[in-house]
Structure formats: C-alpha cells, structure tokens
Amino acid sequence: MNSLPLEPPASPCTKVCRMEGAVCAGCGRTLDEIARWSNMSPDEKLAVLTRLAAQKAAS
C-alpha cells in the first residue's frame, strides 16, 4: 500500500489581522500561536484548530 504523507494543517488565518484582547479577531488564535504556527508540530496545530472549532461552536 502506497500512502502519501499527510499535509500539515493549513493556517486558519483569514487575513483579518487585528488583535481584540488576547486573540486575533480574524482567526481566533493568540499572538503566541500566530508567532509559533510555522514551527508547531502537526499535532500542536491540530490542537489549536480543535480549540478554535470548539470556541466557534460554543458561540
């Protein structure tokens, strides 16, 4: 079985880069998450995306 490597999760950036309190108004990430995104492991990125989805569902 030939399996292709999975693509790392895409950035949730929506190009609406404006901090509202501790999070970006566009994507919902913290400044630390935005700064670290390119160096995060795929699992770390999925954890951020999971948290963002849960927050969106709760609002």
Side-chain angles (χ1 to χ4, degrees):
M1 170 189 279
N2 290 336
S3 60
L4 298 174
L6 296 176
E7 291 291 319
S11 170
C13 181
T14 61
K15 309 289 191 247
V16 179
C17 304
R18 183 181 71 247
M19 296 306 288
E20 290 185 356
V23 299
C24 174
C27 68
R29 293 179 291 169
T30 65
L31 194 55
D32 181 61
E33 290 167 340
I34 293 167
R36 292 185 38 235
W37 186 263
S38 63
N39 294 317
M40 285 182 176
S41 71
D43 287 341
E44 290 173 311
K45 290 177 180 180
L46 284 174
V48 171
L49 294 172
T50 299
R51 179 183 58 77
L52 295 174
Q55 285 178 333
K56 186 174 183 177
S59 62

- prompt: Between CD1 of Ile34 and SG of Cys27, what distance do you get to the nearest 0.5 Å?
  reply: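 Between Ile34 CD1 and Cys27 SG, I get 4.5 Å after rounding to 0.5 Å.
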- request: Decide whether Leu52 and Trp37 are clustered together by the hydrophobic rule: side chain heavy atoms of Ile, Leu, Val, Met, Phe, Trp, Tyr closer than 4.5 Å, transitively.
  value: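 Leu52 clusters together with Trp37.
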field: By side chain to side chain contact (heavy atoms under 4.5 Å, CB included) - contacts of Ser38 (at least two apart)
entry: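 With neighbours one apart ignored, the set is empty.
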Which atoms form the tightest heavy-atom contact between [X] and [Y], and what is the distance?
X     : Y     : result
Pro9  : Leu49 : CB-CD1, 3.6 Å
Pro8  : Lys45 : CB-NZ, 4.4 Å
Ser41 : Glu44 : N-OE1, 2.7 Å

message: Enumerate the salt bridge (Lys or Arg N to Asp or Glu O under 4.0 Å) contacts for residues 49-59, please, sequence neighbours excluded, ordered by first and then second residue.
response: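 Residue pairs with at least one partner in residues 49-59: Glu33-Arg51.
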task: Provide the full list of salt bridge (Lys or Arg N to Asp or Glu O under 4.0 Å) pairs with a residue in residues 20-32, sequence neighbours left out, each pair given once.
output: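 Found Arg18-Glu20, Asp32-Arg36.
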